[in-house]
Amino acid sequence: VLPISTVLAMADVSSPVSTCFTQAIADLASDNASTTFLSFADSSIATRVTPRGDWSVFTTGRDGALVTCSRLQSSSDDPESDVRITYRDEETFAALMDETLGSAAAVATGRLRVLGSLKLASASEELYAAAEALLRQQYGSAVVSAEEVLALQRAEEEELAAQLERRLA
């Protein structure tokens, strides 16, 4: 399976990966038959990419269904929530969603900061998995076979080599 950032890039999505995920979560919240996330029922999770970024707050009801997804300006106070998760930068968020970086390693290296319930922060992975599934459903038709991806990568590498050779000549 291709990393989600690759899927989005192949679909010519210009928005950052974090923005795509936030929109997908908002779409899940607005869906009347919203996915249920029982492991964090009646809770709220606030996330932001970069320490000065805007907050996205996700709230679940008593039944665990995603109820709201709201956005708070970075200039406002820290939102009242059960857990606040801050990603150092967009690259960290994308690496975590692509599963090329583990959350434990991100926390240990300071790229991911969690304040509040670690149990709830871990349980929020269900929400991101549902958002990823929605994104793959929306943009999956743009994805080509692995052989075509390799061919595109080889073509890029050959073009870069040709440019380097022209500069050297």
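The shown structure was predicted, so the numbers you read here are calculated from the model rather than taken from an experiment.
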Visitor: Do Arg113 and Val107 come within less than 4.5 Å of each other through their side chains, counting heavy atoms only?
Guide: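 Counting from C-beta outward, Arg113 and Val107 never come under 4.5 Å.
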
Visitor: Drop me the distance from Asp89's CG to Thr86's OG1, to the nearest 0.5 angstrom.
Guide: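 Result: 12.0 Å between the selected atoms.
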
Visitor: Determine whether more than 12 heavy atoms belonging to other residues, nucleotides or ligands lie under 6.0 Å from atom CD of Glu80.
Guide: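 Atom CD in Glu80 is not crowded, with 12 or fewer foreign heavy atoms closer than 6.0 Å.
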
Visitor: Go through Phe21 and Ile4 one step at a time and tell me if the side-chain contact (heavy atoms from CB on, under 4.5 Å) criterion holds.
Guide: CA-CA 10 Å; Phe21 269 83; Ile4 190 64; 4.0 Å; yes

Visitor: What's the spacing between Thr92 OG1 and Leu96 CG if we round to 0.5 Å?
Guide: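 Separation between the atoms: 7.0 Å.
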
Visitor: How long is the straight-line distance from CD of Glu165 back to CD of Glu158, given to the nearest 0.5 Å?
Guide: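 Between atom CD of Glu158 and atom CD of Glu165 there are 12.0 Å.
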
Visitor: For Arg167, which residues count as a salt bridge (charged side-chain N to carboxylate O under 4.0 Å, His left out) partner, sequence neighbours excluded?
Guide: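 Listed in chain order: nothing, the list is empty.
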
Visitor: As a test of understanding, state which of Thr60, Thr68, Asp82, Val67 forms a side-chain contact (heavy atoms from CB on, under 4.5 Å) with Ser44.
Guide: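 Going through the options one by one, the only one that passes is Asp82.
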
Visitor: Can you check whether Leu2 reaches Met10 side chain to side chain, under 4.5 Å on heavy atoms?
Guide: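 Touching, per the 4.5 Å side-chain cut-off.
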
Visitor: Going from CD on Gln23 to OG on Ser18, what distance comes out if it is rounded to the nearest 0.5 angstrom?
Guide: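 Reported value, rounded in 0.5 Å steps: 12.0 Å.
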
Visitor: Taking Ser122 for its side chain and Leu118 for its backbone only, find out whether a donor-acceptor pair lies under 3.5 Å.
Guide: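 Side chain of Ser122 to backbone of Leu118: a pair is present.
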
Visitor: For the pair Leu101 and Arg111, evaluate side-chain contact (heavy atoms from CB on, under 4.5 Å) and give the outcome as yes or no after the intermediate values.
Guide: CA-CA 10 Å; Leu101 175 65; Arg111 294 192 250 175; 3.8 Å; yes

Visitor: Step by step, would you call Thr47 with Tyr128 a side-chain contact (heavy atoms from CB on, under 4.5 Å)?
Guide: CA-CA 12 Å; Thr47 66; Tyr128 285 104; 3.3 Å; yes

Visitor: Distance-only, no hydrogens or angles: does the Ser124 side chain make a donor-acceptor pair with backbone N or O of Leu127 under 3.5 Å?
Guide: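 No, the answer is negative, given that no donor and acceptor are paired below the 3.5 Å cut-off.
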
Visitor: Could you name each residue pair satisfying side-chain hydrogen bond (donor to acceptor under 3.5 Å, both in side chains) that touches residues 98-108, not counting sequence neighbours?
Guide: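 Sorted pair list: Ser5-Asp98.
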
Visitor: Taking Thr19 for the side chain and Ser15 for the main chain, is one N or O donor matched with an acceptor at less than 3.5 Å?
Guide: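 Flag not set: sc Thr19 to bb Ser15 has no pair under 3.5 Å.
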
Visitor: Starting from the C-alpha separation in whole Å, work towards a yes-or-no answer on salt bridge (Lys or Arg N to Asp or Glu O under 4.0 Å) for Lys119 and Glu125.
Guide: CA-CA 11 Å; Lys119 182 179 178 182; Glu125 291 178 16; over 6 Å; no

Visitor: Return the CG to CD distance between Leu168 and Gln163, rounded to the nearest 0.5 Å.
Guide: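 Interatomic distance, Leu168 CG to Gln163 CD, rounded to 0.5 Å: 12.0 Å.
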
Visitor: Can you give me the closest heavy-atom contact between Cys69 and Phe58, atom names plus distance?
Guide: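 Cys69 and Phe58 have their closest heavy atoms at SG-CE2, 3.3 Å.
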
Visitor: Could you work out, with salt bridge (charged side-chain N to carboxylate O under 4.0 Å, His left out) as the rule, every residue matching Arg136, not counting sequence neighbours?
Guide: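 Here the qualifying residues are Glu132.
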
Visitor: Is there a side-chain contact (heavy atoms from CB on, under 4.5 Å) between Arg84 and Trp55 once you walk through the steps?
Guide: CA-CA 9 Å; Arg84 291 189 304 270; Trp55 287 101; 3.7 Å; yes

Visitor: Checking side-chain contact (heavy atoms from CB on, under 4.5 Å) between Ile45 and each of Val57, Ile25, Leu120, Thr59, which is the one that passes?
Guide: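 Option passing the side-chain contact (heavy atoms from CB on, under 4.5 Å) with Ile45: Leu120.
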
Visitor: Looking at Arg71, I'd like to know if its CZ atom is crowded, meaning that more than 12 non-hydrogen atoms belonging to other residues, nucleotides or ligands lie closer than 6.0 Å.
Guide: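 Correct, the count exceeds 12.
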
Visitor: With a 4.0 Å cut-off, would you call Glu90 and Arg48 a salt bridge?
Guide: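 No, no charged N to carboxylate O under 4.0 Å.
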
Visitor: Please report the shortest heavy-atom distance between Leu112 and Ile85, naming the atom on each side.
Guide: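 Where Leu112 meets Ile85 most closely, the heavy atoms are CD1-CG2, 3.5 Å.
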
Visitor: Supply the atom-to-atom distance Leu28 CG to Ser30 OG, rounded to the nearest 0.5 angstrom.
Guide: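 Rounded to the nearest 0.5 Å, the CG-OG separation comes to 8.0 Å.
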
Visitor: Would you mind reporting whether Val83 and Leu115 have side-chain heavy atoms less than 4.5 Å apart?
Guide: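 No, their side chains stay 4.5 Å or more apart.
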
